[in-house]
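Beneath this line is the structure, given in structure tokens, with notes to follow.
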Amino acid sequence: MNGVQKFFGHLGTIIKHRHKVIVHCVKCGITRQGLVHDLSKFSPTEFIPSVKYYVGHRSPNVGEREAYGYSKAWIHHKGRNKHHYEYWKDYVKKGEGESAVEMPYRYVVEMMCDRIAACKVYHGKDYTKKDALHYFHMGRAQYYMHPNTKRDLTELLEMLAENGEQATFKYAKEELKRRKGLKKNER
């Protein structure tokens, strides 16, 4: 694949992915988050290496990690996008390392939308409603998330696998409203 093909292949992939996330976020009631989702992917720090390592069937960050042992693009990305659980890490008491911080529910919902869209883009016509849950169980994310974040994401992905998008997005939208109401009542 030449440079022009990689450039337009990567650009097409992130535009297609963002469009799907926007549609999902609108259905979940977090339109603004959908509109600003992954805008950092257009920054030179993320875009240039992603074009260089674009292969079309996996994240370019994997290729950058294989080449350097880490992905500068991923480090940049996770530090600017609150829908990634890695954003929600902080140091605990001196000498005790890092700890996962509970993600606000609206970012858990965006993370779900992101995972669904990524599975749709990478799996194409072979996508099923169980793919995002399968990907979650196959990965290591569940071991590094705050327990409440893991619980919330697992619930949404299991609901998706069982009942499909329409029911899951409706539930997420209602749950966002309910939790927002709880916060107001706590004041």
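Just so it is clear, the values below take in all heavy atoms, side chains as well, and ignore hydrogens, waters and symmetry mates.
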* Please check if the side chain of S43 supplies one atom and the backbone of S40 the other of a donor-acceptor pair under 3.5 Å. => yes
* For E64 and P49, work out which heavy atoms get closest and say how close. => OE2-CB, 3.7 Å
* Ignoring hydrogens and geometry, is there a side-chain-to-backbone donor-acceptor pair from T149 to M103 under 3.5 Å? -> yes
* **ring-ring contact (aromatic ring centres under 6.0 Å, His included) between Y54 and F47, intermediate numbers included** => CA-CA 10 Å; Y54 175 80; F47 193 80; over 10 Å; no
* To do: Measure across C25 and C113 and return the closest heavy-atom pair with its distance rounded to 0.1 Å.
  => N-SG, 3.8 Å
* Structure fact -> In this structure, NZ of K170 is separated from CD of Q166 (nearest 0.5 Å) by 8.0 Å
* Does the side chain of I14 reach to within under 4.5 Å of the side chain of F42, using non-hydrogen atoms? -> yes
* Asked: Are Y122 and Y135 close enough that their ring centers fall under 6.0 Å?
  -> no
* Where the side chain of N81 meets the backbone of H83, is there a donor-acceptor pair that is under 3.5 Å apart? -> no
* From C119 SG over to D126 CG, what is the distance, rounded to the nearest 0.5 angstrom? -> 12.0 Å
* Quick one: SG on C28 to CD on E110, what's the gap to the nearest 0.5 Å? -> 10.5 Å
* To do: Kindly give the heavy-atom pair with the smallest separation between D114 and V21, and that separation in Å.
  => CA-CG2, 3.9 Å
* Asked: Do the ring planes of H17 and H37 sit parallel (below 30°), tilted (30 to 60°) or perpendicular (above 60°)?
  -> tilted
* Asked: Minimum heavy-atom separation for L156 to T168, with atom names?
  -> O-CG2, 3.5 Å
* Hey, what do you get for OH (Y53) to OG (S71), rounding to the nearest 0.5 Å? -> 9.0 Å
* W88 and Y107 aromatic ring geometry - parallel, tilted or perpendicular at 30°/60° bounds -> tilted
* Asked: How many angstroms lie between atom CD of Q5 and atom CZ of F8, to the nearest 0.5 angstrom?
  -> 11.0 Å
* Could you tell me whether K120 and E165 have a side-chain N and a carboxylate O separated by less than 4.0 Å? => yes
* Interatomic spacing from OG in S50 to NE2 in H10 - rounded to 0.5 Å -> 4.0 Å
* Q33 side chain to R106 backbone, donor-acceptor under 3.5 Å -> yes
* Just by modelled atom types, is the G79 backbone N or O under 3.5 Å from a matching donor or acceptor in the E86 side chain? -> no
* Asked: When you check the gap from the basic side-chain N to the acidic O, do R178 and E175 get nearer than 4.0 Å?
  -> yes
* Asked: Below 4.0 angstrom, N of the basic side chain to O of the carboxylate: do R179 and D152 qualify?
  -> yes
* **Pair E46 + K78, salt bridge at N-O below 4.0 Å** => no
* Nearest heavy-atom neighbours spanning W74 and H84 -> CH2-ND1, 3.5 Å
* For K173 and K27, which heavy atoms make the closest approach, and how far apart are they? -> CD-O, 3.8 Å
